[in-house]
Amino acid sequence: MKEKMNLEILRHSCSHVMAQAVQELFPGTKLGIGPAIEDGFYYDFDTSAALSAGKKEAFTDEDLARIEKKMAEIIAEDEPFIREDLEKKAALSLFKKLDEPYKVELINALAGAQISVYRTGKKFVDLCRGPHIQSTGQIKAFKLLSVAGAYWHGIETNPMLQRIYGTCFESRQELDEHLKNLEEARLRDHRKLGPNLELFDIYHEEAGAGLVFYHPKGALLRMLIEDYEKKEHLKRGYQIVTTPHIMQAGLWKTSGHYDYYKENMYTLNIDKQEYVLKPMNCPGHILIYKSKTRSYKDLPVRLFELGTVYRHEKAGVLHGLLRVRGFTQDDAHIFCLPEQLKAEIKAVIDFVFDTMKTFGFNDVSIELSTRPQKSIGSDEDWERATQALEESLKEKGLAYDINEGDGAFYGPKIDIKIKDALKRKWQCATIQCDFALPKRFNLAYIDNAGKEQQPIMLHRVLLGSVERFVGTLIEHYNADLPLWLAPLQALVIPIKDTVMDYAQKIVQALKAEGVRVEIDSHNETLDKKIRNAEMNKVPYCLVIGEREEKSGSVSVRQKGKGNIGALNIDEFIKKIKEEVEKKAV
RNA sequence: GCUGGAGUAGCUCAGUCGGCAGAGCACGUCCUUGGUAAGGACGGGGUCACGAGUUCAAUUCUCGUCUCCAGCUCCA
């Protein structure tokens, strides 16, 4: 904990040094804010007034190099950080004199009568609550990483400032390690690996941005994920349904989505009727629930659909498979009695954990998001819903963070994020508790007194979007998928043409046992074929030559491990089946 | 949507200070028939993202559009 604090102080101090360097190099640049963040720090600058210094608009890579150099000079000077406490009025006049409008705005918003500022060097002074390191010489290892626009206070209508990101560590070695990690993450990028390994593609120009095409191998991977999910859902008392891709606009007006998300919906007008390409599966499931009178004895009703939805996300937010415009949710809606609510929530939580574990994710983080500004439903319902979620988490003994005001417009939610091999967080499961839609759609069941009552609705996904989950899997495993998910499990490599018949027999024997196998019959050397297989991340190569044909065996090569010796075909089938059975655990 | 950067062969990238467009990999044909990470030769492949403008001439300069990248904002 103390170390984390120290690192934060170090990084924040480093951001001051960067700001000092920027103002020395580009006089007239106005300061925004410069906090430490998870992996480093940033500082926001308004360069519009620095034109006189020859600074046109945004910082360039060359500028970053210059700034780094200037920072190194400031660090070499070992200038002390000096704290000064001022009356609010004095602070205001100081920053007015320095012509720092953003700082003046910040001071005006501060509550206390005392304001602290920090000085470094002869001229640089910054509004700051501190604390800081003692002097700039304590910064041992830093690097500026990138520059990007950022709205002042993060509000879209505010002016856009130039944000410089950097990072800083206590030692050169740690910094190098971090930079290496960034490079590793770059190499595993699913946007690169996916098309390279022929899993999927996004034909931005021809078909449209954010629309995914699964190639045969990717479609197979997706099918394996979906098949697993269908089986598990049936096991756990869900019923599988399918609903249409377009439905009339009225349904979304009733649900409230039309009012909140109209600009993100794909609509079409046919026969003077407005249709919406479904952005959610809930209304469809609600119609199925409403299709007959439900008794309290029928509840809970759990409807599951691998539902493909379309949302017109803003152009700038699209990102590989992680943020797309058409995607498939592993979506279910649970209609239950009030007294069933917590048990259902807890069962979903268990389901999420089991699923994550199966796919090889053991590290999760949980957030509880509460009522947002824009929302529907009564205070009382929000209270009950939030309480049910929170109590479920507590009763399961799970740690969670509260995300104030981040819930859906119709109810609070639990988000479960997974951490991958590089410790990065990925959004997957969410569980939302909803009293509002049952009311709007007049959902009902008959209680044991013969009276109509309103069920409670849970919205939940486990993986979230299949697309995003495929992206997550690729990056988590660096595309070295566990055998049960590998689209191609084994590649048969005949050494020369004369053993082709035997090789084909091996392929047929494996196919008959459900092994996903191909043969590499290219006219290439063994070395070349093995190299290709390794690069395509094929788990097993079966090398077939005269020796194998004579003894009725296959020479097995495991990816990353090399030649593991000869097995007869039954032994290999047994081995591969056992490994598939284990899944990721 | 906003700020900045970018778009040349299926992929990775050179190149043209405005004058017939290049390499490696991949692909095809042939030679080679091999023992665990690149055998050899030859060959096909491009409206230089798209649309306007300037020019004798535009892949190159200007403007617009589309898309991607880094962020911001957003994510039912």
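Chain letters run A, B, ... following the sequence lines, proteins first and then strands; every chain starts at 1. What you see is a predicted model; the values in this text were computed from it and never measured.
The nearest heavy atom of RNA chain B to A:Y310 and to A:G154 marks one nucleotide each, and the one closer to the 5' end goes with A:G154. Between A:M265 and A:A150, the residue whose closest nucleotide on RNA chain B is further toward the 5' end is A:A150.
Across all strands shown, A:K262 has no heavy atoms under 4.0 Å from either base or sugar-phosphate atoms. Residue contacts shown for A:Y260 are absent, as no nucleic acid heavy atom lies under 4.0 Å away. No contact: A:K278 has no heavy atom under 4.0 Å from any strand. Contact annotation for A:N264: base contact, defined as any heavy-atom pair under 4.0 Å involving a base atom.
Comparing B:A21 with B:U8, their C1' atoms are spaced 9 Å from each other, to the whole Å. Of the C1' atoms belonging to B:C48 and B:G22, the separation is 12 Å, rounded to the nearest Å. For B:A23 and B:C69, the P atoms lie 30 Å apart once the distance is rounded to whole Å. Nucleotides B:A37 and B:A41 have their C1' atoms positioned 24 Å apart, rounded to a whole Å. Nucleotides B:G46 and B:U54 have their P atoms positioned 30 Å apart, rounded to a whole Å. B:C68 sits 36 Å from B:U29 when the P atoms are compared, rounded to a whole Å. Taking atom C1' in both B:C17 and B:A58, the straight-line distance is 14 Å, to the nearest Å. B:C25 and B:G43 have their P atoms separated by 15 Å, with the value rounded to a whole Å.
Under a cut-off of 6.0 angstrom, the local environment of CD in A:E184 is crowded, with over 12 non-hydrogen atoms contributed by other residues, nucleotides or ligands.
Between A:F213 and A:Y203, the gap from one ring centroid to the other is short of 6.0 Å.
Comparing B:A76, B:C72, B:U3 by their nearest atom to the side chain of A:Y151 picks out B:C72. Listed nucleotides B:C72, B:C74, B:A76 differ in distance to A:K413; the shortest reach to its side chain belongs to B:A76.
Because its NZ or CZ atom is not both nearer than 6.0 Å to the ring centre of A:F41 and within 45° of the ring axis, A:R11 does not count as a cation-pi partner of that residue.
With rounding to whole Å, A:W252 atom CH2 is found 17 Å from B:A76 atom P. One atom, CD of A:E198, and another, P of B:C25, lie 19 Å apart when rounded to the nearest Å. Taking atom CG of A:N281 as the reference point, atom P of B:A76 lies 14 Å away to the nearest angstrom. Distance A:L458 CG to B:A76 C1': 16 Å, rounded to the nearest Å. Rounding to whole angstrom units, CE of residue A:M160 and P of B:G5 are separated by 14 Å. Rounded to an integer number of Å, the gap from NE2 of A:H522 to P of B:A26 is 10 Å. In this structure, A:L161 places its CG atom 14 Å from C1' of B:U73, rounding to the nearest Å.
Between the side chains of A:D420 and A:W426, at least one donor N or O lies within less than 3.5 Å of an accepting N or O. A donor-acceptor contact closer than 3.5 angstrom links the side chains of A:E305 and A:H285. A:T308 and A:T328 form a side-chain donor-acceptor contact under 3.5 Å, judged by distance and modelled atom types alone. Under the 3.5 Å distance criterion, with hydrogens and angles disregarded, no donor-acceptor pair is assigned to the side chains of A:Q162 and A:Y43. Looking only at atom types and distance, the side chain of A:Y258 has a donor-acceptor partner in the side chain of A:E274 under 3.5 Å away.
Tested against A:D381, the residues A:R440, A:K439, A:R371 include a single salt bridge (charged side-chain N to carboxylate O under 4.0 Å, His left out) partner, A:K439.
For A:K314 and B:C74, the shortest distance from a side-chain N or O to OP1 or OP2 is not below 4.0 Å.
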Considering only nitrogen or oxygen atoms on both sides, find all protein atoms under 3.5 Å from nucleotides 67-70 of chain B and state each distance.
from: B:C69; atom 1: OP1; to: A:R191; atom 2: NH1; distance (Å): 2.9
from: B:A70; atom 1: OP1; to: A:R191; atom 2: NH2; distance (Å): 3.0
from: B:A70; atom 1: OP2; to: A:R191; atom 2: NH1; distance (Å): 3.3

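The line from OG1 of A:T370 to CD of A:E404 is 3.5 Å long, rounded to the nearest 0.5 Å.
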Notebook entry, point to check: Nucleotide by nucleotide, 5' to 3', does protein get under 4.0 Å of the base (B), only the sugar-phosphate (S), or neither (-) in nucleotides 35-47 of chain B, counting heavy atoms?
Noted result: BBBBB--------

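A salt bridge links A:E156 with A:K314; the closest basic N to acidic carboxylate O contact falls under 4.0 Å.
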Checklist line | Steps toward side chain to side chain donor-acceptor pair (under 3.5 Å) verdict (A:Y540, A:E579) | finding: CA-CA 12 Å; A:Y540 288 103; A:E579 194 180 332; 2.5 Å; yes

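The aromatic rings of A:F409 and A:Y261 sit tilted relative to each other, their planes meeting at an angle between 30° and 60°.
Remark: RNA chain B takes part in the stems B:1-7 with B:66-72, B:10-13 with B:22-25, B:27-31 with B:39-43, B:49-53 with B:61-65, each of 3 or more antiparallel Watson-Crick or G-U pairs, criterion distances under 3.5 Å.
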